[in-house]
Amino acid sequence: MAAAPVAFVTSPDGRAALVGPDVSDCGPADVVASAAQGLDAAADVRFVWWAATYDAAPLAARGVPVARCWDVAEAHRLLVGGWEAGAQLAWATAYGLDRAGLPRAARGDLFDTLTPDDADTASGVVRRDGYLRAVAGTASWCPDDEELLAWGQAALDCAARQASALADVGPRAISTAQSESAAAFLCLELARDGLPLDRATAEKLIGEAAGPRPVDDADARRIRAERDRAVLKHVPGREHTDLRNPLQVKDLLAAVGVSVPNTRKWVLEPYRESHAVVGALLDWRKAERIATTYGYGWLDAQVGPDDRLRGGWTASDGAAGRMTAQNGLHNLPTDLRPAVAAHPGHVFVRADLGQIEPRVLAAVSGDANLAAATRADDLYAPVASTLGVERPVAKVAVLAAMYGQRSGAAGEALKGLERAYPVAMRYLDAAYAAGLRREPLRTYGGRLVRLDAVLTDAAPENAAAYDAARGRFARNAVVQGSAAELFKAWAATVRATTRDLGARIVLCLHDELLLHVPEPAAQEARARLVTALQDSARRWTGSTQVRFVVDASVVRRWSEAKE
DNA sequence: CGGTGAACGTA
DNA sequence: CGTACGTTCACCGA
């Protein structure tokens with residue numbers, strides 16, 4: 001950490017502490033946040049906190065740009081995998097303490113007298129047995145100034161230990177921890193700023209799918225019954241079928257001669273012509289989805305009076321450490337995307353990474369042949385030519401290799417991949433094998449992917465299927481997880497390099513970024529976003545052998561065709 | 001009332 | 001559908 005680490009931590013009673021080489025400050029959160037803001041602007045510092053969600057909220061609220069940070073929780077998740085990353089656990093891990101001995105929070109009952117004294121501390125927050133006090137950082141903690149300052153010092157100590165451990169993990173792990181930390185702070189900004197929406201268009205699109213806005217509950221029931229009737233009119237005598245009950249739907253379909261194992265869309269799709277009820281049901285499902293999940297209730301609850309859609313964001317949820325978002329931000333139906341529109345005076349810069357996963361595979365596996373293929377705008381073109389097959393066949397084969405597809409006719413092309421890209425294929429095979437053996441893996445950036453706690457409870461007759469599923473999971477995780485790290489490194493760079501233009505990232509979608517930009521700055525923001533990808537990719541891979549491509553365009557609506 | 005599976009939206 | 005996630009619904013068992 002070249003920049004000087006400075007802790008910024010908060011307490012549940014609205015105070016904060018700033019602790020560093022030249023600062024030791026404690027007081028009301030807004031006052032200390034103001035001091036932190038000055039430090040962020042004037043000095044080369046890296047803020048350290050236990051977790052952005054808790055500690056950095058005052059900084060996000062007042063719009064402090066936070067150039068550099070270290071998020072102990074994110075670094076911990078990177079180091080040991082999984083989601084659990086409380087301060088006590090991160091500290092114990094960093095200091096090599098047995099997690100079985102973690103102090104439990106006082107429960108206010110007889111058990112409290114049986115546990116070591118939580119208040120017996122060497123400093124204000126570290127116990128004599130080396131663990132952090134269990135109460136520290138919890139909602140019921142009321143630290144005095146000395147304790148809050150010690151809490152900040154503990155975060156600094158913990159971060160230093162983590163950095164040392166990550167340095168042993170691999171050459172990119174510290175840099176990954178830094179960009180994951182930046183992503184965690186970005187999550188606060190995303191939650192704060194929201195996604196700009198055009199409410200009138202949203203109302204119109206919802207109306208087209210779900211009908212007019214109900215005036216009361218009776219009206220809502222009437223509209224709902226009307227929607228059901230469009231399906232049930234095709235099956236006289238079965239008008240009382242509950243379309244929301246899959247078993248009843250299955251029975252209904254069987255009665256009209258459509259026998260299916262389940263009623264999923266891709267199972268029913270081939271039967272569209274068999275009976276009119278099938279098509280009606282599939283159309284009903286689509287409308288019902290919008291009516292229930294992305295309807296008026298959603299609009300009223302999740303879109304603020306400032307016409308922005310807000311939800312919670314996490315920086316590294318899930319097995320492979322992808323970002324996640326709530327309230328529909330990550331799964332808004334494409335039909336509704338015209339409603340995502342830049343606000344007056346602004347435009348969107350929309351950018352998505354092209355073919356990111358096979359390009360990431362080339363980087364993480366170190367396959368020189370596949371790296372050569374990444375120099376093409378369309379990676380599948382040189383692969384197809386090398387394999388002597390049509391492009392669609394090459395694409396299916398590459399995806400099959402990465403994800404372990406079992407169906408389909410990729411067989412012959414897969415053998416070609418083995419010959420043409422042996423290094424990449426061996427890398428994937430090794431991940432698959434580790435999955436079978438339940439052995440942990442690390443992504444390219446160093447995130448631990450644990451396989452000892454996933455798909456373990458198979459009955460003996462299902463053991464082989466579970467093993468194979470775990471193998472596919474592992475093979476996918478090293479590619480998807482590494483791609484997520486590159487994406488976050490890119491997003492962190494874009495955030496930093498376009499801020500002075502007034503640009504704000506308003507959506508992250510795995511391989512796609514949406515920037516809300518003052519109109520005059522649009523082209524400059526677009527150019528910087530492209531540069532940011534080349535810079536992050538070069539830093540990430542340590543070379544220019546693997547090329548990453550981005551399609552970036554200036555649009556008014558998210559749905560607009562790329563220019 | 002909480003947990004589970006079906007279903008389906010996105011990448 | 002290959003993997004991943006979030007949300008809603010009906011059902012199940014307490």
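First the proteins, then the strands, lettered A, B, ... as listed; each starts at 1. Computed from a predicted structure; not experimentally measured.
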* Taking only residues two or more places apart in sequence, or in another chain, which ones meet A:C508 in a side chain to side chain contact (heavy atoms under 4.5 Å, CB included)? -> A:L186, A:L190, A:W313, A:M323, A:F487, A:I505, A:L513
* **P spacing across the pair C:dG2 / C:dG6, given as an integer number of angstrom** => 22 Å
* Quick one: list whatever passes side chain to side chain donor-acceptor pair (under 3.5 Å) with A:D228, sequence neighbours left out. => A:R244, A:W284
* **Under the side chain to side chain donor-acceptor pair (under 3.5 Å) test, residues paired with A:R528 that sit two or more places apart** => A:D500, A:E524
* Asked: Just by protein heavy atoms under 4.0 Å, how would nucleotides 4-12 of chain C read 5' to 3' in B, S and -?
  -> SSBBSSSS-
* Distance between the P atoms of C:dC5 and C:dC1, in whole angstroms? -> 16 Å
* **All side chain to side chain donor-acceptor pair (under 3.5 Å) counterparts of A:R222, not counting sequence neighbours** => A:D219, A:E226
* With sequence neighbours excluded, tell me which residues meet side chain to side chain contact (heavy atoms under 4.5 Å, CB included) with A:D283. => A:R272
* How would you list, by chain and number, every residue that makes a side chain to side chain donor-acceptor pair (under 3.5 Å) with A:D367, sequence neighbours excluded? -> none
* Hey, could you give me each pair passing side-chain hydrogen bond (donor to acceptor under 3.5 Å, both in side chains) that has a residue in residues 506-516 of chain A? Not counting sequence neighbours. => A:R350-A:E512, A:E512-A:W558
* Asked: Checking all strands, does A:R337 fall into the base, sugar-phosphate, or nothing category for heavy-atom contacts under 4.0 angstrom?
  -> sugar-phosphate
* Structure fact -> The side chain to side chain contact (heavy atoms under 4.5 Å, CB included) partners of A:A291 (sequence neighbours excluded) come to A:A210, A:R227
* Asked: Looking across every strand, which nucleic acid part, if any, lies under 4.0 Å from A:L329 by heavy atom: base, sugar-phosphate, or nothing?
  -> nothing
* Asked: In residues 250-264 of chain A, which residues come under 4.0 Å of DNA chain B by heavy atom?
  -> A:N262, A:T263, A:R264
* ring-ring contact (aromatic ring centres under 6.0 Å, His included) partners of residues 185-208 of chain A, not counting sequence neighbours, each pair once -> A:W49-A:F185
* **Modelled atom types, side-chain donor and acceptor of A:E485 and A:S179, under 3.5 Å** => no
* Structure fact -> Min and max contacting nt of DNA chain B in 5' to 3' order, chain A heavy atoms within under 4.0 angstrom, are B:dA6 to B:dA11
